[in-house]
Amino acid sequence: MKKTLLLLSVMFIVFSCKKEASQEDIISYGSTITQDELKEHLYTYASDEFEGRETGEPGQKKAVEYLKKYYETLGIKPVIEGNYFQNVPLSIVKTPEVSISVNGKSFKYFDDFISQSAAATGTISTSEVVYAGYGIDDEKYSDYKDLDVKGKIVVIKGGEPKDKAGNNILTGDKKASKWSNGRQAISSKRNAAKDHGAKALFFMDVELFNRYSKFYKQREEKGGSKSLSLPAKKDGKTEMYFFLINEKMGKALASKINKSTKTATAATKLEMNYKSISVPHPSENVAAMIKGSEKPDEYIIISSHLDHIGISADGEINNGADDDGSGTVALLEIAEAFKKAADKGHGPKRSIIFLHVTGEEKGLLGSRYYTDYDPLVPLANTVADLNIDMVGRIDPKRKGDRNYVYLIGSDKLSTELHNISEQVNKTYTNIELDYTYNDENDPNRFYYRSDHYNFAKNNIPIIFYFNGTHADYHRISDTPDKINYDLLENRARLVFYTAWEIANRPERIVVDKATDEDDDE
C-alpha cells in the first residue's frame with residue numbers, strides 16, 4: 001500500500017511540474033523554421049525533376065511522394081490511417097459533342113457556341129425560352145425578381161445597367177462590377193442562373209465568345225483540352241448546361257436581346273443533344289496530422305497547394321518556386337516546428353492538419369474535393385484554415401518596403417481570428433500586414449481564387465497569406481533563385497505562431513459573420 005501511495009505521489013509531482021510552453025519556448029520552436037532549410041526544400045521541390053508538378057502528371061506524383069517521405073521522416077502520422085494520400089478522382093473534360101437547332105436552324109460548335117460546363121450527357125427539347133436581360137441578381141438590381149426560371153432555358157446578354165449619366169448602377173461610377181468584368185461576369189451570371197434553378201443558360205457576350213471560342217478551337221487543334229473536373233456529386237442535383245454564344249445565336253433565341261433588357265418568355269423552339277466526353281485523370285491531396293493533447297476532435301488546418309502548371313508547349317518547365325513551392329515548403333517547416341514542440345511535451349491542444357491540396361491551378365479542385373465531397377475530419381469541428389499561397393517574393397509595388405505580407409479574409413468570418421492574427425504578429429514577427437486585397441471591391445478578387453475559399457464558403461474562418469503577383473507569375477522564370485528566403489522564413493513563422501495561438505487557446509474562436517455566399521471563380 002505504501003509503495004502504491006509513493007508511486008501516486010511521484011506521478012502527481014511529475015504531472016504537476018509539466019508546464020505550459022513559455023513565450024521563450026514558443027519562439028524557440030518558431031526559430032526552427034530557417035532560411036537554409038526552406039531553401040534546401042525548395043531547390044528540390046521546384047527543380048526540373050518535378051516537371052512543373054502539373055495536376056495528375058508524373059511530376060505531380062513525384063511531388064506527393066516527396067511530401068509523404070518527409071512526413072514519414074518527421075514521424076507525423078497521416079490523417080487517413082496508413083495513407084498520406086487522399087485520392088481525388090479528377091477527369092480531363094474533352095470538347096463535348098453537341099448539336100443545337102433553334103427554330104429549325106442548326107448552329108455550330110466553335111463558330112456559334114461553346115460549352116462552359118461539365119454537364120452530363122442529355123437532351124433538351126422545348127418550345128420556349130426565358131429572356132432574363134443581363135442575368136444579374138444583386139441587391140441593387142436583379143433581373144430575376146419575380147422571374148421563374150426553375151427547370152427552364154435562360155438566355156442573357158453581357159453588360160450591366162447604366163444610369164442617364166452613363167455610370168454603372170451597381171458601382172455608381174464608370175467602373176465595371178463583377179457582373180460585366182470578364183471571367184468574373186461568366187462565373188457571376190452562371191451562379192445566378194444556377195441558384196435560380198435554370199436547366200440551361202445561353203450567355204451572349206460577343207467579346208467573351210470571340211476570345212474563348214478562338215482559344216478553345218486552337219487548343220482543340222493542338223491536341224485538345226486539359227481542363228479537369230470533379231465527378232458529379234451524388235446529391236440528386238444535375239449540372240446546369242452553360243454556353244457562351246455569338247450574336248447570331250443570341251438573336252435567334254431571343255429576338256429582342258439587343259433592343260431590350262425587359263425580361264420575357266419567348267416562343268422559341270430549341271432542340272439540343274449533348275454528349276459529354278471525359279478521361280479519368282486521378283490526383284492526390286496529401287494530409288498529415290499532429291493529434292491534439294486536450295481537444296483532439298477540434299482541428300486547425302494549414303494548407304498550401306502542391307501543384308503548378310507543368311511543361312509549356314515548347315517543352316520548357318514551369319518550376320513554380322513561388323506558386324506554390326514557397327507555400328509548400330513553408331508548410332513542411334511549420335509541421336517540423338510543431339513536431340519538435342510535441343516531442344518536448346508541448347504538443348498542440350487542438351489537432352493540427354497539414355494539408356497539401358492538388359488541382360488549385362485547375363480550379364481549386366483538391367480543396368473543393370476535401371470540403372464538398374470527402375472531408376477527412378468533420379467540417380463542423382474545423383476551427384480555421386490558414387492558407388499559404390505565394391509567400392516567397394516581393395510585389396513590385398512594394399519594392400523598398402519589403403517586410404510585408406498581404407492578408408486576405410482574416411476578418412470575413414471571425415472578428416476574433418483577425419484580432420488574434422494582429423496580436424500574434426505584434427508579439428512575434430513584426431511584419432506589416434497589408435489588407436489591400438482584402439477589400440470587397442478589389443477587382444482581383446483574390447479571396448475567391450485560392451484554396452482557403454472552399455473552407456470559407458463552409459463558414460470556416462480563414463486567413464490567406466500572399467505576397468502578390470509579379471512578372472514571373474505562371475512563367476518559366478518562377479525559379480528558386482528568385483525567392484527572398486529571409487521573407488519566406490519570417491512569413492512562415494507568422495503562420496506557425498498564429499496556428500499555435502489558435503490551437504492552444506482555451507476556447508475555440510467564434511464565427512460571428514457567417515455567410516451563405518458561393519462565388520466560384
Side-chain angles (χ1 to χ4, degrees), residues 30-55 57-74 76 84 286 288 302-311 316-339 354-358 360-361 386-395 402-403 405-406 429 431 450-451 464-496:
S31 297
T32 66
I33 299 170
T34 66
Q35 298 180 46
D36 290 344
E37 290 185 5
L38 288 162
K39 189 173 186 178
E40 183 179 353
H41 277 305
L42 193 55
Y43 265 84
T44 300
Y45 196 76
S47 67
D48 286 356
E49 179 188 353
F50 288 73
E51 302 171 18
R53 309 187 303 278
E54 184 168 3
T55 309
E57 298 294 332
Q60 182 254 296
K61 306 297 183 183
K62 293 177 183 177
V64 297
E65 284 295 331
Y66 180 88
L67 300 175
K68 171 191 169 184
K69 287 176 182 176
Y70 190 67
Y71 284 112
E72 287 177 334
T73 301
L74 290 177
I76 299 177
Y84 287 91
V286 179
I302 311 175
S303 60
S304 64
H305 71 88
L306 58 87
D307 64 320
H308 191 53
I309 61 173
I311 302 172
E316 293 192 278
I317 294 172
N318 295 275
N319 299 112
D322 192 27
D323 184 17
D324 185 27
S326 62
T328 300
V329 301
L331 185 46
L332 295 179
E333 281 289 283
I334 291 166
E336 182 181 9
F338 270 109
K339 185 63 168 65
F354 309 100
L355 181 64
H356 302 262
V357 291
T358 189
E360 191 272 355
E361 300 289 2
L386 306 181
N387 185 48
I388 319 168
D389 189 355
M390 297 176 60
V391 287
R393 295 285 297 272
I394 302 170
D395 188 328
R402 63 198 299 276
N403 186 34
V405 68
Y406 292 121
T429 46
I431 299 172
S450 191
D451 295 295
F464 173 24
Y465 301 86
F466 178 53
N467 54 219
T469 57
H470 42 73
D472 301 311
Y473 174 67
H474 280 199
R475 299 285 186 273
I476 60 170
S477 49
D478 182 8
T479 50
D481 57 297
K482 294 180 179 175
I483 297 295
N484 300 275
Y485 289 95
D486 60 330
L487 298 182
L488 178 54
E489 174 189 275
N490 209 26
R491 291 163 178 170
R493 288 179 180 181
L494 171 62
V495 181
F496 167 76

Lys69: what forms a salt bridge (Lys or Arg N to Asp or Glu O under 4.0 Å) with it, not counting sequence neighbours? none
For Glu57, which residues count as a side-chain hydrogen bond (donor to acceptor under 3.5 Å, both in side chains) partner, sequence neighbours excluded? His281
Polar side-chain atom of His308 near backbone of Asp323 as donor-acceptor pair, under 3.5 Å: yes
Can you name the residues that form a ring-ring contact (aromatic ring centres under 6.0 Å, His included) with Phe354, not counting sequence neighbours? none
Regarding Asp307 and Thr358, is there a side-chain donor-to-acceptor distance under 3.5 Å anywhere? no
Quick one: NE2 on His470 to CE on Met390, what's the gap to the nearest 0.5 Å? 4.0 Å
Checking side-chain hydrogen bond (donor to acceptor under 3.5 Å, both in side chains) between Asp322 and each of Asn484, Thr479, Asn467, Thr469, which is the one that passes? Asn467
Salt bridge (Lys or Arg N to Asp or Glu O under 4.0 Å) between Lys62 and Glu49, worked out: CA-CA 8 Å; Lys62 293 177 183 177; Glu49 179 188 353; 5.5 Å; no
Does some side-chain heavy atom of Ile388 sit less than 4.5 Å from a side-chain heavy atom of Ile334? yes
N/O donor-acceptor pair under 3.5 Å between Arg491 side chain and Val405 backbone: no
Selection residues 35-47 - residue pairs positive for side chain to side chain donor-acceptor pair (under 3.5 Å), sequence neighbours left out: His41-Tyr66
State which residues pass salt bridge (Lys or Arg N to Asp or Glu O under 4.0 Å) with Glu489; sequence neighbours excluded, sorted by chain then number. Arg493
For Arg475, all residues meeting salt bridge (Lys or Arg N to Asp or Glu O under 4.0 Å), sequence neighbours excluded: none
Verify side-chain hydrogen bond (donor to acceptor under 3.5 Å, both in side chains) between Tyr84 and Glu72, making sure each step is shown before the conclusion. CA-CA 9 Å; Tyr84 287 91; Glu72 287 177 334; 5.3 Å; no
Can you measure from CG (Asn319) to CG (Asp481) and round to the nearest 0.5 angstrom? 9.5 Å
Go through the side-chain N and O atoms of His305 and Asn387 and say whether any donor and acceptor fall under 3.5 Å apart. no
If the test is side chain to side chain contact (heavy atoms under 4.5 Å, CB included), which one of Ile311, Ile309, Ile476 qualifies with Ile317? Ile311
Is there a side-chain contact between Glu360 and Asp324 (heavy atoms, below 4.5 Å)? no
